[in-house]
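First listed ligand is number 1; within each ligand, the first listed atom is number 1.
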Amino acid sequence: MSKTYKAYVYKGFERFWHWTQAFLIMFLALTGFEIHSSYSLFGFETAVDLHSKAAWAFIVLIVFAIFWHITTGEWKQYLPTTRNLKAQIEFYITGIFRNAPHPTKKTLISKLNPLQRLVYLGLKVFIIPVMVISGLLYLFFRYPQSGSIKSLAVENLEIIALIHTAGAFLLVAFLIVHLYLITTGHTITSNLKAMITGWEELEEDEPDTNEAKQ
Ligand code: HEM
């Protein structure tokens, strides 16, 4: 059993961004699927109003998060790697159920395992931009604004609504898997505690292979 040490893994802004984003995505899903007519909760008009407000808050948060990732260099955490990717997938499918060791070690320079890197990068460069762009097009189709912005008004909603809804399903699927994976750290709550307090017990050992690769 290797020694552990306490490390400050998630900084203040990072935790604020993570939890605000989590709340906003869940709230956007909640109001969005009401707009989609999946259920009735706030009432359609209120749901639309809340969805638009949360969407603008989400866009502001994204702008700050992009700035933070660039200025701190933390964007490098998301550089994809295939090293240990197969081992990580095998760990989640079988290893985890027979108490096998985690195939990758978390370090400050490499906080994400290869699977997380790929999935989070996909979220950042594909799904979230798709949601924001289709959402804005939807917004300007439904509510063409006055003046120059009016020219953005979209002619046909169907394809935009389909893309926006498909993205929403993908995000909800991600959330469900993410909630399960939160419990798969060194203890059932260690990942959650780390994202709340910033501090986590990391294993002291020979340098991680991912880290060495960077
Ligand atoms: C910046 C991001 C977003 C913007 C600007 C945005 C905007 C919009 C707008 C304008 C509508 C249509 C409202 C109406 O019918 O009047 C809508 C619908 C919807 N949104 Fe979003 N949204 C965003 C993010 C999200 C996210 C993150 C989710 C889910 C996790 C989501 C889920 C939905 C769903 C399910 C619908 C109903 C689609 C339909 O049935 O046609 N949205 N969104």
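A side chain to side chain contact (heavy atoms under 4.5 Å, CB included) with Y78 holds for exactly one of V119, V125, L121; it is L121.
Against a heavy-atom cut-off of under 4.0 Å, A161 is close to the following atoms of ligand 1: 41 (O). Close approach to L136 involves these atoms of ligand 1, each under 4.0 Å from a residue heavy atom: 5 (C). The atoms of ligand 1 that sit less than 4.0 Å from any heavy atom of L171 are 27 (C), 30 (C). Atoms of ligand 1 found under 4.0 Å from any heavy atom of T165, numbered from 1 in the order shown, are 38 (C), 39 (C), 40 (O), 41 (O). Taking every non-hydrogen atom of V132 and a distance limit under 4.0 Å, the qualifying atoms of ligand 1 come out as 1 (C), 2 (C).
W56 CH2: 12 or fewer foreign heavy atoms inside a 6.0 Å radius. Remark: F67 CZ is loosely packed, at most 12 non-hydrogen atoms of other residues, nucleotides or ligands lying under 6.0 Å away. Counted within 6.0 Å of CZ on F16, heavy atoms from surrounding residues, nucleotides or ligands total 12 or fewer; the atom is thus considered open. Other residues, nucleotides and ligands place no more than 12 heavy atoms under 6.0 Å from the CZ atom of F126.
With distances taken over non-hydrogen atoms, the option nearest atom 39 (C) of ligand 1 out of M26, H36, E34, Q21 is H36. Among E158, H164, E45, M131, the residue whose heavy atom lies nearest to atom 21 (Fe) of ligand 1 is H164. For atom 9 (C) of ligand 1, the choice among F174, Y138, F58, F44 with the nearest heavy atom turns out to be Y138.
Panel note: side chain Y10, backbone E200; no donor-acceptor pair is recorded below 3.5 Å.
With a 4.0 Å cut-off on non-hydrogen atoms, T31 does not touch ligand 1 at all. At a heavy-atom cutoff of 4.0 Å, ligand 1 is contacted by both the backbone and the side chain of L139.
Of all the heavy atoms in E34 and F42, the pair that sits closest is OE1-N, 2.8 Å.
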